[in-house]
Colleague: 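First, the structure itself, so that you have it in front of you.
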Amino acid sequence: MAIRERLSGNEAVATAMKQINPDVVAAFPITPSTEVPQYFSTYVANGEVDTEFVAVESEHSAMSACIGAAAAGARVMTATSANGMGLMWEMLYIASADKLPIVMPLINRAMSGPLNIHNDHSDAMGARDSGWIQLFSEDNQEAYDNTIMAVRIGEHKDVRLPVMVCLDGFIISHSVENIELLETDKVRNFVGEPMAPFYLLDSENPVAMGPLDLPAHYFEHKREQAQSMFNAKTVIAEVFADFEKLSGRKYSYFEEYKLDDAEVAVVVLGSTAGTAKTVVDELRAQGMKVGLLKLRVFRPFPAAELAEALKHLKAVAVMDKAESFSAAGGPIFMDVRSALYDLEARPKITSYVYGLGGRDVRTTDIEKVYNELKEVAATGVVSSPYNYLGVKE
Amino acid sequence: MAVNLKELTERPERLTGGHRLCAGCGASVVARAVMRALKPEDKAVVGVATGCLEVSTCIYPYTAWKDSFIHSAFENAGATVSGAEAAYKAMKRRGRVKDTHKFITFGGDGGTYDIGLQSLSGAMERGHDMVYVCYDNGAYMNTGIQRSSATPKYADTTTSPAGDVIPGKPQYRKDLATILAAHHIPYVAQTAPFGNFNDIHTKAEKAIYTEGPAFLNVLAPCPRGWRYDTPKLMEITKLAMDTCFWPIFEVENGNWKLNYKPKTKLPIEEYLKVQGRFSHLFEEGNRHLIEDMQKEIDRHWEIILERCGEK
Amino acid sequence: MANKKTTPSHLEEILWKDAAPGGVIYEAGNAEKYKTGAWRSMKPIWNEEKCKHCMLCFPVCPDSSILVKDQKMTGIDYDHCKGCGVCVEVCPFKVFDYVVEE
Amino acid sequence: MAMQMTEIRWHGRGGQGAKTASLLLAEAAFMTGKYIQGFPEYGPERMGAPITAYNRISDEKIRIHSNIYEPDFVVVVDESLIKDVDVCAGLKKEGAIIVNTDKDPEQLRAKLGGYEGKVYTIDARKVSMETLGKYFPNTPMLAAVVKVTGVMTEEKFLESMVESFQHKFASKPQVIEGNMSALKVALQEVKG
């Protein structure tokens with residue numbers, strides 16, 4: 001049976017990595033993800049895993065070494081945050097283009113500057129077009145579960161893409177909470193043996209990877225890569241279903257919380273979703289028909305399913321813990337609004353950028369959003385489409 | 001260990017024709033020579049930094065490499081191949097790989113002296129069992145002959161042009177082999193393709209079959225960037241050595257050894273005058289620049305001699 | 001001009017569904033099929049009768065085009081030789097002529 | 001909140017172990033079957049700077065992930081903080097504050113800016129010196145917090161702490177007794 005534990009988010013992720021026992025982990029410390037390689041190097045030092053741990057000299061080299069190792073045929077993991085991923089940036093695109101299913105917990109932190117070590121989603125959102133699958137976690141349990149599922153999703157023959165497992169820096173990474181772990185043998189059995197369709201260390205079939213790709217062929221390779229992301233939607237659903245059989249925990253592209261009969265709802269991801277659920281409960285107790293949609297899978301983006309889930313609402317607010325600097329709302333807002341376009345009758349929609357650089361999100365903040373949504377629903381007028389929540393005005 | 005060139009012709013050719021490097025390119029001569037040092041039964045993973053050698057030998061859907069090959073970016077060949085080597089250790093331990101694989105990295109001076117120096121230093125310091133080969137042609141040839149920290153002083157490049165006021169690159173070249181030697185890795189050598197290829201072959205063999213990290217700095221003349229006629233490849237290389245512009249030495253477990261001492265040390269002028277990139281030095285009033293270069297060459301040569309116990 | 005045809009990669013029709021993932025190349029060393037002989041403006045001509053098979057030309061060829069069998073030179077691979085003339089220059093026995101490509 | 005949840009805020013100085021104490025409390029509550037959260041508020045602070053840590057303890061799964069603004073209890077690990085930090089900010093009237101001090105609760109109340117709720121004190125230094133021979137305020141403070149908050153019974157607390165210490169001090173079992181004794185003495189020494 002499940003193992004009852006209490007772990008911080010970082011410990012949860014590191015524990016999943018320990019149970020998976022990948023071939024190679026190459027990582028460089030950066031707050032708040034530092035503990036992940038720390039824990040993992042301890043497992044290596046104590047012989048709890050027999051992974052090759054490569055303590056590289058930078059995040060750029062971390063992702064480069066992951067690429068080399070995954071290309072060689074290994075199962076590979078790393079972890080980072082914000083500027084660390086910023087330094088990896090060009091390699092993120094190469095990892096996905098090379099079809100290398102690297103798994104990377106991204107402990108979300110604000111991208112400098114000014115320098116800030118606290119949580120927001122600007123790191124993950126900036127990488128949304130890099131070709132990585134992006135899973136978001138509400139708490140340590142989801143971070144753990146996502147890390148295990150990420151291996152199966154990324155390595156699936158129809159996908160072969162790298163996967164980012166996002167969890168909120170400090171709020172989840174450094175908060176100790178209850179968690180249910182799976183037995184290690186069950187985890188190993190679930191992820192199975194790595195099997196790359198082609199790899200550098202295949203003696204019989206040497207391959208060349210990362211060629212110069214001129215206009216005659218590059219587009220076809222990008223199209224093939226895009227197909228993997230289409231395929232990932234199906235594979236993610238299959239892996240979620242398999243994982244439910246194993247753990248009893250049911251996951252889907254997004255979680256609908258009291259959404260069925262709601263008139264207004266908030267779309268949010270990460271740890272704020274938990275805080276928002278407590279607000280939904282309170283407002284429901286007051287008689288307000290409010291609901292919540294927590295996005296778990298951001299790339300691939302479940303556009304059609306999302307539109308279906310939101311279509312009955314009068315008004316929707318999308319909360320972004322990142323500024324897109326588009327002057328037209330946050331990044332998730334733009335995707336959600338686009339997803340709703342094909343509906344005959346669409347809910348009104350507003351954007352809230354919130355919580356940047358670790359600004360704490362209080363229940364009163366979220367109540368404010370619901371109250372403003374109620375106004376939009378009542379009047380049918382969006383007077384303020386682009387909003388900043390919790391900024392000192 | 002003498003090399004029998006005839007016998008070596010029976011080794012499998014690991015870099016095929018059909019690549020798209022320039023006619024007369026020194027880099028492919030270097031790459032062939034290094035790869036020839038592999039035992040025929042061993043496999044290799046070749047990693048190449050973005051640069052001439054990479055973009056010309058692996059253009060989809062063709063590869064000129066008979067072994068597995070990976071390129072990922074410009075500044076990270078050291079890290080990329082160190083990852084592959086780590087994978088090899090793990091997979092071998094877990095029984096998923098049987099054969100012996102060797103890990104050989106090639107980078108130009110741009111990818112090695114400059115943008116890739118951190119990644120190279122990290123890979124060497126961590127002790128991966130790999131060889132890093134710098135084919136040093138003294139500028140960013142791939143992007144059109146821009147200066148690098150390996151470019152010789154006064155060379156005319158597209159970002160250190162010889163103008164009316166500034167006579168080419170103002171700075172001396174970086175001494176990369178010494179920097180690598182300071183990593184205290186088992187094997188560092190500087191070589192070039194010359195003579196019967198005894199030196200480069202022996203060093204490549206040592207580098208590949210010495211356990212742990214090894215570094216080779218190899219002179220790779222570039223007819224386009226240096227501006228000489230393609231048939232002169234071997235002559236120019238010889239002049240680089242005989243003027244002591246390019247000392248031939250090795251550092252094995254910390255012991256410096258000189259492997260080539262010219263019978264007569266030629267003036268640097270002999271090396272410079274056959275290359276278009278230095279032609280402005282021979283214009284009226286520029287004699288002192290050649291003298292300045294000679295002083296620097298002499299100073300560096302004395303240092304090498306001292307380190308190698310030759311004086 | 002050489003009479004060998006080159007196969008410019010931009011003429012190859014590889015549809016996206018058949019494109020190798022990430023542009024991986026499965027056939028190591030297949031660049032041999034890519035002919036670079038047409039690049040020549042000058043051409044080395046090997047005069048077999050003068051050749052001492054010393055092999056000094058063998059390692060200096062950037063295009064792996066010195067053909068050798070049983071430790072004896074047998075000719076030049078004109079499919080790939082780009083006519084750089086390094087072999088011509090390095091030969092101590094003046095075995096090669098170096099002529100304008102026609 | 002609809003559900004029964006105890007929210008605790010810790011004030012300490014960097015390096016003094018307030019964060020560790022909050023994690024120990026979470027640990028103890030976890031061992032008795034509770035849902036817990038233990039998290040520090042992170043900043044660039046180093047040794048000596050005032051720091052804050054939090055606990056939530058509940059019988060049900062905890063979903064909220066914000067800081068705690070209206071705590072049920074406040075724990076002050078270093079009395080000297082009171083003059084610089086508004087330790088009673090948002091503290092519920094029906095709650096309580098627990099301070100590590102050798103003063104009596106009423107002497108201390110005068111420094112608390114008119115806080116009307118209950119005030120408890122514990123001389124953690126004295127308890128620590130007597131039982132452990134060194135100044136480790138965490139262990140006595142932990143017991144005082146359990147006593148005052150009632151988040152678990154004293155028996156269950158002591159049971160779970162034995163287990164925890166046996167694990168933590170596996171390599172030096174001789175210190176387990178001193179630590180257990182620190183807890184037991186502290187449970188008796190809380191004033192208020």
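In what follows, every chain begins at residue 1, and chains take the letters A, B, ... in the order their sequences are listed.
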Colleague: Please classify the contact of B:V55 with chain A as side chain, backbone, both or neither, using a heavy-atom distance under 4.5 Å.
Modeller: both
Colleague: Decide if atom CD of B:E41 counts as having more than 12 heavy atoms of other residues, nucleotides or ligands within a radius under 6.0 Å.
Modeller: yes
Colleague: As an exercise, state the distance from CE of B:M91 to OH of A:Y199, rounded to the nearest 0.5 Å.
Modeller: 5.5 Å
Colleague: Does a side-chain heavy-atom distance below 4.5 Å link A:P194 with B:R96?
Modeller: yes
Colleague: Side chain, backbone, both or neither: which part of B:F103 has an atom under 4.5 Å from a heavy atom of chain A?
Modeller: side chain
Colleague: With rounding to the nearest 0.5 Å, note down the distance linking OG1 in B:T50 to CG in A:L212.
Modeller: 9.5 Å
Colleague: For a 4.5 angstrom cut-off between non-hydrogen side-chain atoms, does A:P206 reach B:K43?
Modeller: no
Colleague: Among A:S61, A:A95, A:A97, single out the residue with the greatest number of heavy-atom pairs under 4.5 Å to chain B.
Modeller: A:S61
Colleague: Is it the case that atom OH in B:Y209 sees more than 12 heavy atoms from other parts of the structure closer than 6.0 Å?
Modeller: yes
Colleague: Is there a donor-acceptor contact under 3.5 Å from the side chain of B:R126 to the main chain of A:V54?
Modeller: no
Colleague: Under 3.5 Å, side chain of B:S68 to main-chain N/O of A:V207, donor-acceptor pair present?
Modeller: yes
Colleague: Select one option (side chain, backbone, both, neither) describing which atoms of B:E54 are under 4.5 Å from chain A's heavy atoms.
Modeller: side chain
Colleague: Indicate yes or no for a side-chain donor-acceptor contact from B:H71 to the backbone of A:G210 under 3.5 Å, with no hydrogens or angles considered.
Modeller: yes
Colleague: So if I take each residue of residues 62-76 of chain A and look for any heavy atom under 4.5 Å from a heavy atom in chain B, which residues do I end up with?
Modeller: A:S64, A:A65, A:I67, A:G68, A:A69, A:A71, A:A72, A:G73, A:A74, A:R75
Colleague: Where on B:K98 is there a heavy atom nearer than 4.5 Å to chain A: the side chain, the backbone, both, or neither?
Modeller: neither
Colleague: To the nearest 0.5 Å, what is the distance between CG (B:N76) and CE (A:M88)?
Modeller: 12.0 Å
Colleague: Report the option among B:A77, B:A123, B:S72 that has the most heavy-atom pairs separated by less than 4.5 Å from atoms of chain A.
Modeller: B:S72
Colleague: Under 4.5 Å from any heavy atom of chain B, what part of A:L200 do you find: side chain, backbone, both or neither?
Modeller: both
Colleague: Of all of B:H101, B:E85, B:H128, which one pairs up most often with chain A through heavy atoms under 4.5 Å apart?
Modeller: B:H101
Colleague: Run A:M209 and B:C58 through side-chain contact (heavy atoms from CB on, under 4.5 Å) and show every step you take.
Modeller: CA-CA 9 Å; A:M209 295 174 70; B:C58 190; over 6 Å; no
Colleague: Out of B:R94, B:E75, B:K89, return the one with the most heavy atom pairs under 4.5 angstrom to chain A.
Modeller: B:R94
Colleague: In Å and rounded to the nearest 0.5 Å, what is the CD to OG distance from A:E57 to B:S119?
Modeller: 5.5 Å
Colleague: What is the distance from atom OH of B:Y88 to atom CG of A:L201, rounded to the nearest 0.5 Å?
Modeller: 8.0 Å
Colleague: When rounded to the nearest 0.5 angstrom, what is the spacing between CD in B:Q118 and NE2 in A:H60?
Modeller: 9.0 Å
Colleague: Is the closest side-chain heavy-atom distance between A:E52 and B:R93 below 4.5 Å?
Modeller: yes
Colleague: So which bits of residues 19-26 of chain A come within less than 4.5 Å of chain B, counting non-hydrogen atoms only?
Modeller: A:N21, A:P22, A:D23, A:V24
